[in-house]
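The structure appears below as structure tokens.
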Amino acid sequence: MSKAPTLGDRLAVPLLVVGAVLSAAGFVWSFTVAPLVNGAEVVPEMVAGQMVSNQLLFSQKIFYFHVPVAMCAFIALVFSFVYSILYLVKREARFDRRAQVATEVALVFAFCTMATGVPWTRFEWGVWWTWDARLTTFLILCLLLIGYFVLRAAFDGNEKRETYAAVFALVMCIDAPICMFITRMIPSSLHPVVFRTDGGLTPEMLIGMLMALFGMMAIAYGLYRLRVRQQDMAVRIEALKDQLEELR
């Protein structure tokens with residue numbers, strides 16, 4: 001007998017729709033209403049023999065999507081951390097499944113962070129990559145996220161795999177706060193401090209960023225709930241198969 005969907009399951013698809021609308025609205029807002037950072041102007045420059053006037057515009061507008069997807073990756077890691085602890089304490093497989101799904105979501109948004117951050121680096125600093133403290137710690141985080149799934153694939157036994165994965169997730173999540181606060185710990189970092197208390201964002205800029213942030217968070221949670229629902233259904237299907245085998 002199938003389990004009735006929870007409130008979170010029923011809200012998954014609506015959240016994906018709302019998230020897509022908010023993210024799209026944030027995109028339009030950032031390019032039509034939000035001003036450039038600190039009153040900067042779009043100044044034409046000669047790049048590769050061509051006069052370019054949107055270089056600064058692009059490098060600043062990508063901020064409205066780079067920051068939200070990065071925040072979603074960190075939030076998903078918090079879920080992974082909590083559920084990994086719950087699994088180690090209670091040894092219930094459902095907590096391992098939720099930790100795995102949260103890590104999957106974190107990996108998706110971490111890749112989105114890298115995909116939006118590398119063009120920003122190219123336009124802002126003139127290079128595709130530099131070993132800045134923030135970039136380096138986030139690259140390590142991405143490699144750890146990949147390593148989490150490599151570790152899970154290396155073991156066949158459920159209990160051993162789940163235990164090792166939970167411990168690895170706890171170690172992996174240590175890098176998240178380091179990555180978030182590295183620009184404050186190392187003032188010489190090239191990467192700017194995003195969240196400040198000195199009024200770094202104007203109201204117009206803040207509205208666009210919040211629309212994109214809440215939109216991405218809605219998408220992240222919708223994906224999480226859909227994936228958890230799929231995992232739980234797969235477990236119940238396997239249980240039903242086992243029962244049928246016993247009846248034969």
Side-chain angles (χ1 to χ4, degrees), residues 23 26-27 30-31 34-78 80 103-150 168 171-202 205-206 208-209 212-213 216 220:
S23 299
F27 178 84
S30 66
F31 276 94
L36 295 177
V37 175
N38 295 328
E41 296 179 358
V42 180
V43 180
E45 292 185 13
M46 186 68 69
V47 178
Q50 286 187 320
M51 191 63 70
V52 178
S53 61
N54 63 348
Q55 181 177 5
L56 180 60
L57 177 67
F58 179 81
S59 67
Q60 296 205 358
K61 298 305 182 180
I62 203 171
F63 154 85
Y64 295 93
F65 309 97
H66 179 66
V67 174
V69 293
M71 292 302 299
C72 288
F74 290 133
I75 293 172
L77 281 173
V78 173
S80 177
T103 309
E104 290 174 355
V105 174
L107 180 61
V108 169
F109 281 90
F111 280 168
C112 290
T113 304
M114 294 293 289
T116 54
V118 170
W120 185 90
T121 301
R122 178 65 178 88
F123 280 106
E124 194 73 16
W125 297 337
V127 295
W128 288 107
W129 180 263
T130 182
W131 295 102
D132 174 71
R134 169 64 65 81
L135 274 64
T136 303
T137 52
F138 199 86
L139 175 62
I140 293 173
L141 180 61
C142 290
L143 295 176
L144 290 172
L145 285 166
I146 296 172
Y148 174 88
F149 294 102
V150 173
F168 187 88
V171 176
M172 173 182 65
C173 290
I174 295 175
D175 185 57
I178 295 175
C179 184
M180 286 187 67
F181 299 108
I182 193 69
T183 52
R184 299 180 186 275
M185 294 186 291
I186 303 178
S188 60
S189 174
L190 294 173
H191 197 286
V193 177
V194 176
F195 296 103
R196 308 195 306 264
T197 58
D198 57 355
L201 296 178
T202 65
M205 297 168 65
L206 185 60
M209 200 273 284
L213 176 60
M216 292 296 177

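Quick caveat, the model's predicted, so the values are computed rather than measured.
Across Pro119 and Met114, no two heavy atoms sit closer than the pair CD-O, 4.4 Å. Considering all non-hydrogen atoms of both residues, Leu144 and Phe168 come closest at O-CE2, 3.2 Å. Across all non-hydrogen atoms, the minimal contact from Gly208 to Tyr64 is C-CD2, 3.9 Å. Across all their heavy atoms, Ala34 and Met205 have their closest contact at CB-CA, 4.2 Å.
With sequence neighbours left out, Phe65 forms a ring-ring contact (aromatic ring centres under 6.0 Å, His included) with Phe27. Remark: Thr116 pairs with His66 by the side chain to side chain donor-acceptor pair (under 3.5 Å) rule, at least two apart or across chains.
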Problem set entry | Test side chain to side chain contact (heavy atoms under 4.5 Å, CB included) applied to Ser30 and Phe63, step by step | CA-CA 9 Å; Ser30 66; Phe63 154 85; over 6 Å; no
Give the table of side-chain donor-acceptor pairs shorter than 3.5 Å for residues 105-112, with sequence neighbours excluded, one pair per line with atom names and distance.
none

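Rounding to the nearest 0.5 Å places CG of Leu139 at 10.0 Å from CG of Asp175. Taken to the nearest 0.5 Å, the CG atom of Leu213 stands 6.5 Å off from the CD1 atom of Ile75. The CG atom of Asp132 sits 8.0 Å away from the OG1 atom of Thr137 when rounded to the nearest 0.5 Å.
Residues Leu145 and Thr103 meet the side-chain proximity criterion, which asks for heavy atoms closer than 4.5 Å. Using a 4.5 Å heavy-atom threshold, the side chains of Leu141 and Leu77 count as touching.
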